[in-house]
Amino acid sequence: MGKEIKTIGVMTSGGDAPGMNAAIRAVVRAALSSGLKVKGIRRGYAGLLEEDIIEMETMSVTDIVQRGGTILFTSRCERMTTPEGQKQAADVCRKHGIDGVVVIGGDGSFRGAQKLSENGINTIGIPGTIDLDIACTEYTIGFDTACNTAMEAMDKVRDTSASHERCSIIEVMGRTAGHIALWCGISNGSEYVMIPERYKNDEQSIINQILAKRRTGKKHHIIVNAEGIGHSHELAKKIEDATGIETRATVLGHIQRGGNPTCRDRVYAAAMGAKAVDLLIANKTNRVVAYRNGKFCDFDIDEALAMEKDVDEHLYSMTKRLAR
Ligand code: ADP
Ligand code: F6P
């Protein structure tokens, strides 16, 4: 029989993502509804080590479901990657009477949760990252909002690109993963989708395609490039030099991490937050909440971190068929 969970902590860690606030709200409200006490750990693992911990009540999370960012702040913390830091983090939890912690973040944050669990604190991870790069789940909180933000920005670039009969390269985030680029490429009708998972240094073939399309009467070109490939400005120059077509690069950057979460991100955040609390109440630890095959489920963090993720090949090959 495991220990009884009376007080839980909740934190956001790593890069923020729209919908994190909705997840915090769900964790707090679900826990309070089940008779638990809740503490907010501010600034991720850095705040935990510095005991930046606040009491959370129903009203602490009022009016945040629609807001981007995270009211608990977030950070990256080097010390948490050391055994000393990990032991200290667990000791701080014990000192503050925290029996279990919900960590909203990405793979790196789950590694921290894994270590907290090894040090005797129950932990549950919730996938919160715009990158969609967590293998065990088909959905991560923030991805939908980031894609919509990038898609709308790309629509605007398309307008000016068409007016000037230019070639435009738009670079989107995603760290080493190409999911945002793939979804934005499809939703924006890009001619070429450059993603690290399929990149073969084939820039000459992009140039050849642009020239071939110009010959068929095409007047402008949109290329979406993932930050995992990068060098969009250099590529723009290369294309302009080789084709004589004016080419511009736009790096969308952190705009993709902000803004009000979409309906989908809010709903998934609510469901995942409530499920994380249920797992803690059931005395589970070292688990990550996931969405797979139409259902919310959970995985052992060790197993989840060992899984590998690829982009959807059907979606990727389709981009080539549709780009004419
Ligand atoms: P994300 O959670 O978005 O993947 P990071 O990779 O930056 O973001 O990780 C967030 C934080 O998680 C790190 O700053 C660190 O505090 C913690 N973390 C990352 N890797 C480990 C690890 N191997 N062991 C313990 N904590 C880790
Ligand atoms: O993981 C989210 C993300 O926005 C990535 O897409 C990007 O590579 C990284 O974080 C940027 O990190 P920072 O905010 O530290 O520049």
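Remember, it's a predicted structure, so these values are computed and weren't measured experimentally. One-based numbering, in listed order, for ligands and for the atoms of each.
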Give a yes-or-no answer on whether the side chains of [X] and [Y] include a donor-acceptor pair shorter than 3.5 Å.
| X | Y | result |
| --- | --- | --- |
| Asp99 | Thr7 | no |
| His221 | Arg166 | no |
| Ser232 | Glu171 | yes |
| Glu191 | His220 | no |
| Arg79 | Gln88 | yes |
| Thr140 | Thr129 | no |

Near ligand 1 (heavy atom, under 4.0 angstrom), the protein residues are Ser13, Gly14, Gly15, Tyr45, Arg76, Cys77, Met80, Thr81, Gln86, Gly106, Asp107, Gly108, Ser109, Arg111, Gly112, Arg175
Nearest protein heavy atom to [atom], by residue and atom, and its distance?
| atom | value |
| --- | --- |
| atom 1 (O) of ligand 2 | Asp131 OD2, 2.6 Å |
| atom 4 (O) of ligand 2 | Arg257 NH1, 2.7 Å |
| atom 15 (O) of ligand 2 | Arg76 NH1, 2.7 Å |

Give the cluster check for Ile98 versus Leu279: same hydrophobic cluster or not, with ILVMFWY residues linked at side-chain heavy-atom distances below 4.5 Å.
no
ring-ring contact (aromatic ring centres under 6.0 Å, His included) involving Tyr268 - partner list, sequence neighbours excluded:
Tyr139, Tyr291, Phe296
Counting only heavy atoms closer than 4.0 Å, does ligand 2 sit against the backbone of Glu227, its side chain, both, or neither?
side chain
Sub-3.5 Å N/O-N/O distance, Gly174 and ligand 2:
yes
When you measure from the centre of the six-membered ring of Tyr316, is the NZ or CZ of Arg198 under 6.0 Å away and within 45° of the axis?
yes
Does ligand 2 have any atom that is closer than 4.0 Å to a heavy atom of His254?
yes
Arg175 heavy atoms, cut-off 4.0 Å: which ligand 2 atoms fall inside?
1 (O), 5 (C), 6 (O), 8 (O)
